[in-house]
Amino acid sequence: MSRNSHLFVVLGATGDLFSRKLLPAIFSLVVDHQAEITVLGAATSDLDEATFQAASRSDLAAAGKSGADSEKWCDHFLHYEKIPTDGDYSNLAQRIQQLEQQHDLAGNRIFYLALPPRVFPVAIQRLGQAGLTRSPGWTRLVIEKPFGRDLQSARRLNSIVHRNFDESQVYRIDHYLGKETVQNLLVFRFSNPIFEASWNRDRIDRVEITVAESLGVGERGGYYDRAGALRDMIQNHLTQILTLVAMETPVVFEADAIRDEKVKVLRSIREINPDHVVLGQYTAGRVDDEPMPAYVDAPDVAGDSQTPTFAAIRLELDSWRWQGVPFYLRTGKAMKERTTQIAVTFRRPPVCIFHGRADSCIDQSDVLFLTLQPDEGFSLEIEVKEPGESGRLRTIPLRFSYSEAFGDIPEAYETLLADVMEGDQTLFVRSDEVEEAWRLYTPLVDTPGEPHPYPAGSWGPEAALDLLGPDVTNWATELL
Ligand code: BG6
């Protein structure tokens, strides 16, 4: 028996998340990291094991992981158990014991809730009732986002989790935290004093975090129409990025030290002024030269839906470091381009001595672009004198590209699942963190207001520009 063997129990294993993300990531861990993983897929569908294995073989092939190794692994290490819609999980508990004997496993179990969020509470309770929250080895619970729909439901869900599991067993996933470029924010800030020394209100004018997606809502209208941009992206992915950009230096590089600092950032954010929020919804347009129908014409979306597919918010942090520096969060579907980027605009020189040589003194702000995807890397835009008589100033980027330096980078889910197996909670969201984020956005999701229309393929509603104030002509990300 190997003490490093694991049983991954995926609840909701017939869904898209398992086939597209989890299965390929688990298989990569088996192949690239020699992880000893047995998978028990569980769902309410009446499937036999051979059918589940065959479907998984084609899912792996679709993810570019075909071949004899993957087929052999699916046939030996993938299992399936039907779970009842209404009954308890006693059959699941028995099957787990039987598989642990069959594969000579050490009793280390990961329960992954790849389920629709409305069934999280009941699934957690049933795991508890079936005695599955403890095991001969360790037991860990992985919960997908969204964790709750607002502060009240997140608190309720946390209390169900804590009645059954200890917080040290719980891994709330935000897959953005698994992206290399997001993790690199901490390295960038805390091992390059050249930037950290300027990372404050004295040197920084404003920070923009943009997650623009060129895809529309696609086939996910049923989920998305109840979520919208605030619940789907702002409360989690963008806010997580914000905490990493704004946090203080943790005393050590350990999960709770880092998460303590992230929570402090969330607590420092002032109640959001409704005038600092612009919501939008895409109308028909063209993206990448292809026509895209309006959001309200997407499958499973109500014809009179007011769900926002775009949100831009100005946040203010009451902290020593960030007082007076606006942080803008902006995200949208069906936008002009797919880009996730942090733009840090530094203060311009206190006195402009290059009149007539720069287009305007406002343009003399240096901007640091941290591009999280695609074209991962960063660029620092600085002013340079053009050679020759004119003596004009030009903005030139100093660039770093991940792919040029390192080639391919691992998938977020691979990193996160490896961390769950290691028991490292650094990249997972703690209960107080998720509640603080909901405290901030609950008033907005309760009364979101009417969204501004914007054509698919644009950068969102024009009204969002007004958030930037009179001195700023455009979002830094669009000026690239
Ligand atoms: C998911 C959202 O969490 O993140 C989706 O539910 C969104 O709506 C996706 O498209 C974006 O993730 P990524 O990794 O493609 O930027």
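We count ligands from 1, going down the list as the structure has it; atoms in each ligand are counted the same way. Treat the numbers as computed from the prediction; the structure is a model and nothing was measured. In this chain, residues are counted from 1 in sequence order.
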Contacts table for residues 288-302: side-chain donor-acceptor under 3.5 angstrom, sequence neighbours left out:
unit_1	atom_1	unit_2	atom_2	d
Y295	OH	D225	OD1	2.6

Side chains of R109 and T139, donor plus acceptor under 3.5 Å: no
Donor-acceptor pairs under 3.5 Å, side chain of residues 119-127 to any protein atom, not counting sequence neighbours: which ones?
unit_1	atom_1	unit_2	atom_2	d
R126	NE	G87	O	3.2
R126	NH1	P84	O	3.4
R126	NH1	T85	O	3.2
R126	NH1	G87	O	3.3
R126	NH2	T85	O	2.9
R126	NH2	D86	O	3.2

What distance separates C74 SG from R57 CZ, expressed to the nearest 0.5 Å? 6.5 Å
Just to verify, what does F165 make a ring pair (Phe, Tyr, Trp, His ring centres under 6.0 Å) with, not counting sequence neighbours? none
Neighbouring residues of ligand 1, heavy-atom cut-off under 4.0 Å: K145, H175, Y176, K179, E213, R220, D232, M233, H237, K333, R338, Q373
Taking the six-membered ring for Trp, is the centroid-to-centroid distance between F188 and F190 below 6.0 Å? no
